[in-house]
Amino acid sequence: MVSEYLKQNTSEFHDAAEKLFNSEKIFNKTFTLEDYRKIISTNYLMLLHSEDKILSSLSNEISNELQLDQRKKLHLIEKDLQSLSINSRETTYDLQVDNEHEALGMLYVIEGSTLGGNVIAKQLSKTEGFDGITFNFFGCYKENTGPMWTNFKEVLNREVAEENYQHVLAGAKKLYTFLLNVN
């Protein structure tokens, strides 16, 4: 299954992202609003430079199966930027999506961040200093987070043949690299 292959082969990138964003501070309740601003700002740049490219690289069949209209997050993170008084910014980093398999790998990173984001939102909502935060991006699927992740993995595993695993992995690594270097 490609989802397990991706999990195993991107773990170092996932760990690097958690380190970059001081994720351990989320669970010991020392995560600050400034830490949160950093994670939102960086994820905004990732979505700004990838979401449209990813979505336009997927076939109509896969788009329908994944309910892509419900997975768009750029408009949600823009609400977070506004509520946190963060000025949107650009980056000169050019992100390319070469094919549908790369797009699926990139979407794996985004959907994974949504899965983790739900945990982050729940944890931070219980942390001092986060009383008025709405968590539009991290809480986007609310109670549907589990079913949305399950649907994504099912479609991914069904649609990607083993000979294309490396292309999906290349897309995931490409987006992780962007995320880790965009600051």
Side-chain angles (χ1 to χ4, degrees), residues 1-8 10-11 13-15 17-18 20-33 35-48 50-52 54-55 58-84 86 103-160 168 171-172 175-176 179:
M1 292 189 331
V2 71
S3 61
E4 284 303 312
Y5 176 82
L6 288 170
K7 183 177 180 179
Q8 291 169 358
T10 61
S11 63
F13 290 93
H14 179 266
D15 293 348
E18 284 193 342
L20 175 68
F21 296 124
N22 298 311
S23 296
E24 77 283 350
K25 292 170 64 176
I26 294 168
F27 299 99
N28 65 25
K29 297 193 186 288
T30 60
F31 201 75
T32 66
L33 202 50
D35 292 324
Y36 185 65
R37 280 185 160 93
K38 177 182 179 182
I39 200 170
I40 290 298
S41 181
T42 303
N43 276 281
Y44 164 73
L45 288 172
M46 177 188 67
L47 289 171
L48 179 67
S50 68
E51 188 172 80
D52 286 343
I54 291 167
L55 300 183
L58 298 173
S59 69
N60 288 337
E61 180 185 335
I62 289 178
S63 296
N64 291 335
E65 287 184 66
L66 290 175
Q67 306 159 335
L68 284 186
D69 54 325
Q70 294 177 35
R71 294 185 189 272
K72 293 179 182 177
K73 298 172 184 70
L74 182 61
H75 69 286
L76 297 172
I77 204 163
E78 286 173 339
K79 288 180 183 179
D80 289 332
L81 286 178
Q82 187 175 22
S83 71
L84 294 166
I86 300 172
L104 286 168
M106 291 177 179
L107 195 55
Y108 171 84
V109 175
I110 293 171
E111 289 301 306
S113 73
T114 303
L115 184 66
N118 191 50
V119 174
I120 290 169
K122 285 180 183 175
Q123 199 64 34
L124 290 181
S125 67
K126 298 182 264 179
T127 301
E128 187 178 328
F130 288 87
D131 300 336
I133 304 299
T134 54
F135 304 108
N136 294 294
F137 171 61
F138 281 137
C140 67
Y141 295 153
K142 299 184 180 17
E143 68 277 351
N144 293 320
T145 301
M148 291 292 280
W149 176 246
T150 300
N151 167 258
F152 175 73
K153 285 194 335 181
E154 286 172 351
V155 172
L156 185 69
N157 290 329
R158 184 177 61 247
E159 295 296 326
V160 179
V168 180
L175 195 58
Y176 265 125
L179 184 67

Donor-acceptor pair, side chain of Arg37 and main chain of Ile86, under 3.5 angstrom: no

Closest heavy-atom pair and its distance - Val168, Leu104: CG1-C, 4.2 Å

Nearest-0.5 Å distance that lies between atom CD in Gln67 and atom CG in Asn144: 9.5 Å

Candidate pair Ile133 and Tyr36, rule side-chain contact (heavy atoms from CB on, under 4.5 Å), full reasoning: CA-CA 10 Å; Ile133 304 299; Tyr36 185 65; 3.7 Å; yes

Beyond-backbone contact of Leu107 with Phe152, side-chain heavy atoms, under 4.5 angstrom: yes

CD1 on Ile26 to CD1 on Ile120, rounded to 0.5 Å: 4.0 Å

Phe137 vs Tyr44, side-chain contact (heavy atoms from CB on, under 4.5 Å): CA-CA, chis, key distance, verdict: CA-CA 9 Å; Phe137 171 61; Tyr44 164 73; over 6 Å; no

Steps toward salt bridge (charged side-chain N to carboxylate O under 4.0 Å, His left out) verdict (Glu51, Lys72): CA-CA 7 Å; Glu51 188 172 80; Lys72 293 179 182 177; over 6 Å; no

Any Thr10 side-chain heavy atom under 4.5 Å of Tyr108 side chain: yes

Donor-acceptor contact below 3.5 Å, side chain Ser59 vs main chain Ile62: yes

Derivation of the side-chain hydrogen bond (donor to acceptor under 3.5 Å, both in side chains) call for Lys73 and Tyr141: CA-CA 10 Å; Lys73 298 172 184 70; Tyr141 295 153; 2.7 Å; yes

Trace of the side-chain contact (heavy atoms from CB on, under 4.5 Å) decision for Phe27 with Val119: CA-CA 10 Å; Phe27 299 99; Val119 174; 3.8 Å; yes

Smallest separation among heavy atoms of Ala172 and Val109, with atom names: O-CG2, 3.6 Å

Asn60 vs Ser63, side-chain hydrogen bond (donor to acceptor under 3.5 Å, both in side chains): CA-CA, chis, key distance, verdict: CA-CA 5 Å; Asn60 288 337; Ser63 296; 5.1 Å; no

Test item: Phe13 and Leu179 side chains (from C-beta on) under 4.5 Å apart, heavy atoms: no

Test item: Ile110 and Met46 side chains (from C-beta on) under 4.5 Å apart, heavy atoms: yes

Sidechain-backbone polar pair: Lys38 side chain, Leu20 backbone, donor-acceptor under 3.5 Å: yes

Minimum-distance pair of heavy atoms, taken over all atoms of Asn118 and Thr145: CG-OG1, 3.5 Å

Close side-chain approach of Lys29 and Gln123, heavy atoms under 4.5 Å: yes

Main-chain N/O of Ile39 paired with Asn43 side-chain donor or acceptor, under 3.5 Å: yes

For Asn136, side-chain contact (heavy atoms from CB on, under 4.5 Å) partners two or more places apart: Leu76, Lys79, Asp80, Thr134

Neighbour count >12 (heavy atoms, 6.0 Å) for atom CD, Gln82: no

Heavy-atom side-chain contact between Lys25 and Asn22 under 4.5 Å: yes

Inter-residue atom distance Glu61.CD - Glu159.CD, 0.5 Å rounding: 5.0 Å

Gly112 versus Trp149, closest heavy-atom pair with distance: N-CZ3, 3.6 Å

Test item: Met148 and Gln70 side chains (from C-beta on) under 4.5 Å apart, heavy atoms: yes

Inter-residue atom distance Leu33.CG - Phe130.CZ, 0.5 Å rounding: 5.0 Å

Asn157 side chain to Ser3 backbone, donor-acceptor under 3.5 Å: yes

Interatomic distance, Asp131 atom CG to Leu124 atom CG [nearest 0.5 angstrom]: 11.5 Å

Separation between CG of Leu47 and OG1 of Thr42, rounded to the nearest 0.5 Å: 11.0 Å

Considering all heavy atoms, the nearest Leu81-Ser41 contact: CD2-CA, 4.4 Å

